[in-house]
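In each ligand, atom 1 is the first atom listed, and ligand 1 is the first ligand listed.
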Amino acid sequence: MELRKDPITRSWVAIRNGEPQEPPAEPCPFCSGAQQPAPPLLTLPENSAPAQVRVFPQTDPLFRIEGETARAAEGIYDKMRAVGAHEVIVELAEHGRRLSQASDEEIARVLEAYARRLADLKKDDRFKYISVFKNVGAAAGQEIPHPHSELVATPFVPRRVLHELRSARDYWELKERCLFCDMLRQELDQKTRLVEATENYAAFCPFATRSPYEIWLLPRRHHHSFETDTRRAATAAALARLLRHTLERVEQLAEGYHLVLHTNPNTSGTLQRVGFWKSLPEDFHWHLELMPLVAHKPRPYIAKEVYFTTVAPETAAARLRALSVTD
Ligand SMILES: [Zn+2]
Ligand SMILES: [Zn+2]
Ligand SMILES: [Zn+2]
């Protein structure tokens with residue numbers, strides 16, 4: 001596998017010949033009693049058997065941990081080796097349970113596993129960014145049936161996050177304020193797109209939503225880094241609860257969803273030397289993005305190039321708020 005940079009959009013893409021092999025679904029390698037695919041990299045709670053959360057390296061990873069990135073040129077093009085890490089975060093011991101059905105304590109433990117793996121992988125300065133995401137449902141491309149999240153460490157910052165980082169930095173240079181904090185303040189004020197707010201966190205449908213019922217979840221107190229936000233650790237149960245409510249709402253309307261964590265890139269290596277994100281702790285604000293997948297008819301071509309939704313975020317938020325959640 002190789003990474004190639006699109007010189008027009010300046011974004012990296014992974015090129016691989018052939019489909020990756022997913023671990024066999026039967027028997028499930030993540031169920032208790034099964035032959036585990038590898039020794040776990042992390043288990044939570046620590047020193048407890050059976051563990052609730054177990055993190056494993058992906059058996060057929062997109063990115064390999066060994067070697068140097070070895071950037072090279074091919075004429076005007078840039079390429080590099082696909083050095084990185086790919087891990088499976090097994091969230092719960094039980095095969096048939098969903099994260100939305102877990103207790104707040106259990107969900108907090110899954111989020112804690114995200115934070116621990118992020119902190120650990122960021123010690124390796126070959127990795128510029130660590131993506132943590134979760135695909136639920138066939139429509140979202142869920143391939144492993146056991147409840148899980150995935151983590152991919154890459155030697156580049158993915159395009160969407162890079163756009164966010166650049167735009168947050170530009171806003172900071174202009175106003176010396178965090179774009180996300182400003183956005184959040186307005187959403188809490190206007191309330192039309194707000195889904196649920198607690199003392200420390202808020203969930204709302206973004207103004208320029210990309211798909212029906214898209215929801216962002218943010219800490220109300222500014223922090224750029226999910227894994228070092230000490231307030232997150234102190235309010236873990238509150239975050240878990242809001243996430244559970246949000247998932248419960250989404251599952252009543254959608255057949256699946258993508259959940260993705262956006263946090264600060266790894267600035268310990270070359271990014272720091274470049275001095276790209278000097279204001280990063282002030283300008284970026286970690287958040288979770290939830291993209292539900294609702295059944296829909298095929299779209300005209302334009303919908304593939306331009307985000308297009310048939311549910312306005314104000315309508316979406318009103319419908320989401322009206323849905324019942326378990327206390
Ligand atoms: Zn299983
Ligand atoms: Zn902020
Ligand atoms: Zn984001």
Task: Ring-face cation contact, F226 with R232, 6.0 Å cut, 45° max - done: yes
TODO: Run the salt-bridge test on R210 and E289 with the 4.0 Å N-O cut-off and return the result as yes or no.
DONE: yes
Open item on the list: To make sure I understand the geometry: which N, O or S atom in H262 is closest to the Zn ion (ligand 3)?
Closed with: ND1
TODO: For the atoms ND1 of H146 and ND1 of H95, give the angle they form at the Zn ion (ligand 1), rounded to 10 degrees.
DONE: 110°
Open item on the list: Keeping N200 on the side-chain end and L239 on the backbone end, is there a donor-acceptor pair under 3.5 Å?
Closed with: no
Task: Angle, SG of C31 through the Zn ion (ligand 1) to SG of C28 - 10° precision - done: 120°
Task: Residue pair W286, N264: steps toward the side chain to side chain donor-acceptor pair (under 3.5 Å) verdict - done: CA-CA 7 Å; W286 74 260; N264 62 320; over 6 Å; no
Open item on the list: Between the Zn ion (ligand 2) and H222, which N, O or S atom of the residue is the nearest one?
Closed with: ND1
- [ ] For the Zn ion (ligand 3), find the closest N/O/S atom on E289 and give its atom name.
- [x] OE2
TODO: Classify the angle between the aromatic ring planes of F180 and H285 as parallel (below 30°), tilted (30 to 60°) or perpendicular (above 60°).
DONE: tilted
Open item on the list: Quick check for you: with the Zn ion (ligand 2) as the vertex, what angle do SG of C181 and SG of C178 span, to 10°?
Closed with: 110°
- [ ] Assess the side chains of R193 and Q190: does a donor N or O sit below 3.5 Å from an acceptor N or O?
- [x] yes
Task: With the Zn ion (ligand 3) as the apex, the NE2/OE1 angle for H287 and E164 - to 10° - done: 90°
Open item on the list: Can you tell me which N/O/S atom of H285 has the shortest distance to the Zn ion (ligand 2)?
Closed with: ND1
